[in-house]
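Note that the coordinates shown come from a computational prediction; the quantities given were computed from them, not determined experimentally. Each ligand, and each atom within it, is numbered from 1 in the order the structure gives.
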Amino acid sequence: MLFHLIFMSLVCSGLSVESYGRDFITAFPENTVYYNPQESYNTLQITAFYNDTLVEITINYTKVFHDKLRSGQTKIVHFPKYNEQFQFTNFPLFARVNSTQKIVVLWLSQRGSSVQSNVVQPVTNLGKWYSIPFINYNQMMASLYNMSDQLAPDSWRYNSFRLIIINAENSDNLITVQSISPDGPKAFNITLRPYKLYQFQTNGSEIQLDSSGKVAVLLTHPCVETAGCDCNMVLSHVLPRNLWGDTFLVPSVKNLNTAWLQVTNTTEVRLKGVNIKTQQFNSSELIPFPELKSASQLISSTNKVSIRLISPGFVLELIPETMFAACYLVQMNSTEEICVA
Ligand SMILES: *[C@@H]1O[C@H](CO)[C@@H](O)[C@H](O)[C@H]1NC(C)=O
Ligand SMILES: *[C@@H]1O[C@H](CO)[C@@H](O)[C@H](O)[C@H]1NC(C)=O
Ligand SMILES: *[C@@H]1O[C@H](CO)[C@@H](O)[C@H](O)[C@H]1NC(C)=O
Ligand SMILES: *[C@@H]1O[C@H](CO)[C@@H](O)[C@H](O)[C@H]1NC(C)=O
Ligand SMILES: *[C@@H]1O[C@H](CO)[C@@H](O)[C@H](O)[C@H]1NC(C)=O
Ligand SMILES: *[C@@H]1O[C@H](CO)[C@@H](O)[C@H](O)[C@H]1NC(C)=O
Ligand SMILES: *[C@@H]1O[C@H](CO)[C@@H](O)[C@H](O)[C@H]1NC(C)=O
Ligand SMILES: *[C@@H]1O[C@H](CO)[C@@H](O)[C@H](O)[C@H]1NC(C)=O
Ligand SMILES: *[C@@H]1O[C@H](CO)[C@@H](O)[C@H](O)[C@H]1NC(C)=O
């Protein structure tokens, strides 16, 4: 059965302490395929905390939104289909949001049944050093269908996860991209003009990014297979290394039958909750994570890591405990919202 999990780091009572700010940068990656005739729905939902908050959105250096928001007011701003970022290399369709006071920005993209949503991290939460592991989506689908990796449906497709890098600063930025694949390491440099964006395919390799200034990094795939043989867009705003943590809370998710964890860096991970496991993992390994249906899980690790929760149809970057206050808001499909303590 088709099912979407939209997971946000918004909390019930108030909002995640760290996820608001006055300056944000993001983009709308391709959802399914850009020439899909179905209506696309790309929005940013902006919520203000204070009265008289002036908010501005620019796309390709052109102001497309300018409005004053009241305390608690949310504006949903729709973006046309041509703002989707399907080209590789440089393309200027980044979306920059800035405001005179603190706001929260929620990102949502939907085309047909393919839905994704994310909380956009403010520029203050971005960094210069990112490590993006290879997501062995193929191995996950193969184990789900009891097949060998080679027989899994559409193996080639899952090597085509994409990265979008956006220069978050008003100055040129030199970025060194190092990819580590079975063929050995490879590196190339990119120079990004202020707020420019660069998209490339990861080709099944692990990526390390080093940049001279702050960048936003989006890990995305236009269409990964879901358990119901449908397809869903994946988008994950990657956390920089300075925001890695050693304690993560994953809420119980009733509809989630199968999930895996992926942990960057070799580390010892402890899963508390239903049972306790301590094990050594490395970043290319997918760790089966079956107990989410019955209880929320506390994950702790011996060193600072970033952790993704992966299931057919989504890749979710977990927010370390240091970054949130109370609970997550879990949206099971596009119309129903559930708040999990
Ligand atoms: C915001 O403005 C409204 C209407 O002018 C007022 O009722 C409200 O108290 C103000 N809120 C704050 C937090 O100042
Ligand atoms: C971005 O803006 C520049 C200059 O205003 C324009 O030449 C270019 O066509 C725009 N690009 C897109 C993709 O809209
Ligand atoms: C947004 O940033 C631009 C340029 O950096 C600045 O001119 C503008 O005043 C800012 N807008 C708001 C609402 O802060
Ligand atoms: C996969 O194989 C295992 C062990 O052989 C079996 O217990 C399980 O039911 C199988 N799952 C599916 C979906 O066929
Ligand atoms: C990238 O730039 C750095 C700093 O300028 C330089 O040391 C390095 O050799 C460059 N790497 C490549 C692959 O061009
Ligand atoms: C993946 O392959 C494409 C096409 O050959 C290339 O443009 C891109 O730079 C490669 N990505 C990496 C991380 O090497
Ligand atoms: C992995 O963790 C070890 C121990 O904390 C640390 O020394 C190393 O720099 C980390 N490597 C990466 C790539 O983060
Ligand atoms: C990482 O895990 C994979 C899969 O379990 C294994 O094949 C590989 O040898 C491990 N690498 C290291 C460096 O431990
Ligand atoms: C989505 O939510 C609506 C409204 O609550 C419900 O009627 C529908 O069955 C849900 N769909 C799925 C796939 O859970």
Side-chain angles (χ1 to χ4, degrees), residues 20-26 29-30 44 46-70 73 75 77 85-92 94-105 120 122-124 126 128-135 156-215 217-222 238 283-284:
Y20 53 69
R22 294 192 305 195
D23 197 8
F24 300 80
I25 196 147
T26 187
E30 191 176 16
L44 291 179
I46 293 155
T47 306
F49 287 83
Y50 306 103
N51 279 342
D52 300 322
T53 301
L54 201 60
V55 180
E56 246 174 61
I57 304 179
T58 52
I59 292 223
N60 186 21
Y61 309 101
T62 307
K63 205 187 287 183
V64 295
F65 176 88
H66 180 91
D67 206 354
K68 201 178 257 183
L69 270 66
R70 293 189 308 279
Q73 188 183 7
K75 278 267 159 135
V77 186
Q85 192 72 46
F86 59 88
Q87 266 107 332
F88 292 108
T89 73
N90 277 297
F91 208 62
F94 65 87
R96 176 165 181 244
V97 182
N98 69 342
S99 62
T100 49
Q101 313 222 50
K102 281 175 180 168
I103 53 171
V104 161
V105 179
V120 181
V123 168
T124 47
L126 302 177
K128 301 177 178 182
W129 194 94
Y130 290 82
S131 176
I132 304 102
F134 164 54
I135 296 191
W156 61 271
R157 228 167 61 191
Y158 305 125
N159 286 344
S160 53
F161 270 89
R162 301 168 181 180
L163 275 187
I164 292 180
I165 307 171
I166 314 171
N167 182 1
E169 300 201 14
N170 194 11
S171 54
D172 284 4
N173 206 339
L174 174 74
I175 299 145
T176 302
V177 179
Q178 232 206 327
S179 66
I180 302 139
S181 70
D183 312 332
K186 238 181 7 185
F188 59 90
N189 284 340
I190 326 163
T191 303
L192 288 182
R193 311 268 305 150
Y195 310 115
K196 272 260 155 108
L197 177 160
Y198 186 88
Q199 174 166 235
F200 62 94
Q201 288 193 290
T202 60
N203 306 332
S205 50
E206 189 183 323
I207 308 280
Q208 306 274 353
L209 292 180
D210 259 299
S211 105
S212 56
K214 282 186 173 182
V215 288
V217 177
L218 277 55
L219 177 66
T220 184
H221 194 293
V238 182
S283 63
S284 62

J.: Report all N/O contacts between ligand 5 and the protein shorter than 3.5 Å as a table of atom names and distances to 0.1 Å; if there are none, say 'none'.
T.:
{"residue": "ligand 5", "atom": "2 (O)", "partner": "Asn189", "partner atom": "ND2", "Å": "2.3"}
{"residue": "ligand 5", "atom": "11 (N)", "partner": "Asn189", "partner atom": "ND2", "Å": "3.0"}
{"residue": "ligand 5", "atom": "14 (O)", "partner": "Asn189", "partner atom": "ND2", "Å": "3.3"}

J.: Would Ser205 count as being in polar contact with ligand 6, using the rule that some N or O on each side must be under 3.5 angstrom apart?
T.: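 No, since none of the N or O atoms of Ser205 sits under 3.5 Å from an N or O of ligand 6.
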J.: Which atoms from ligand 6 have a heavy atom of Asn203 less than 4.0 Å away?
T.: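 Those atoms are 1 (C), 2 (O), 3 (C), 8 (C), 10 (C), 11 (N), 12 (C), 14 (O).
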J.: If you measure from each non-hydrogen atom of His66 to ligand 3, which part falls under 4.0 Å: side chain, backbone, both or neither?
T.: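 Neither; nothing of His66 gets under 4.0 Å from ligand 3.
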J.: Please list, in number order, the atoms of ligand 6 under 4.0 Å from a heavy atom of Phe200.
T.: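 Checking each atom against Phe200, I get 13 (C).
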J.: Which atoms of ligand 6 have any heavy atom of Ile207 under 4.0 Å away?
T.: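 Answer, ordered by atom number: 13 (C).
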J.: Mind checking whether Gln201 has an N or O less than 3.5 Å away from an N or O of ligand 6?
T.: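 Min N/O separation from ligand 6 is below 3.5 Å for Gln201.
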J.: Between Ser99 and Gly21, what is the shortest heavy-atom contact and its length?
T.: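 Closest approach of Ser99 to Gly21: OG-O, 4.1 Å.
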J.: Sequence neighbours left out, what passes salt bridge (Lys or Arg N to Asp or Glu O under 4.0 Å) with Arg22? Give chain and number order.
T.: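 Salt bridge (Lys or Arg N to Asp or Glu O under 4.0 Å) check on Arg22 returns nothing, list empty.
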J.: Apply salt bridge (Lys or Arg N to Asp or Glu O under 4.0 Å) to Lys102 and list each qualifying residue two or more places apart in sequence or on a separate chain.
T.: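 Per chain and number, Lys102 pairs via salt bridge (Lys or Arg N to Asp or Glu O under 4.0 Å) with no residue.
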J.: Contact between Arg96 and ligand 3, counting heavy atoms under 4.0 Å?
T.: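 Judged by the 4.0 Å heavy-atom criterion, Arg96 does count as contacting ligand 3.
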J.: Could you list all the side-chain hydrogen bond (donor to acceptor under 3.5 Å, both in side chains) pairs where at least one residue sits in residues 49-59, not counting sequence neighbours?
T.: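 Every pair satisfying side-chain hydrogen bond (donor to acceptor under 3.5 Å, both in side chains) with a residue in residues 49-59: there are none.
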J.: Would you mind reporting whether Ile46 and Val104 have side-chain heavy atoms less than 4.5 Å apart?
T.: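 Side-chain contact under 4.5 Å: no.
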J.: Does Tyr61 have its ring centroid less than 6.0 Å away from the ring centroid of Phe94?
T.: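 Close enough - the centres of the two rings lie under 6.0 Å apart.
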J.: Could you tell me whether Phe161 and Phe200 have their ring centroids closer than 6.0 angstrom?
T.: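 Between Phe161 and Phe200, the centre distance exceeds or equals 6.0 Å.
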J.: Would you say Ser205 and Phe134 make side-chain contact, with heavy atoms under 4.5 Å?
T.: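 Counting from C-beta outward, Ser205 and Phe134 never come under 4.5 Å.
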J.: Which heavy atom in Ala187 sits nearest to a heavy atom in Gln178, and how many Å separate them?
T.: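 Smallest heavy-atom distance, with atoms named: CB-CG, 4.0 Å.
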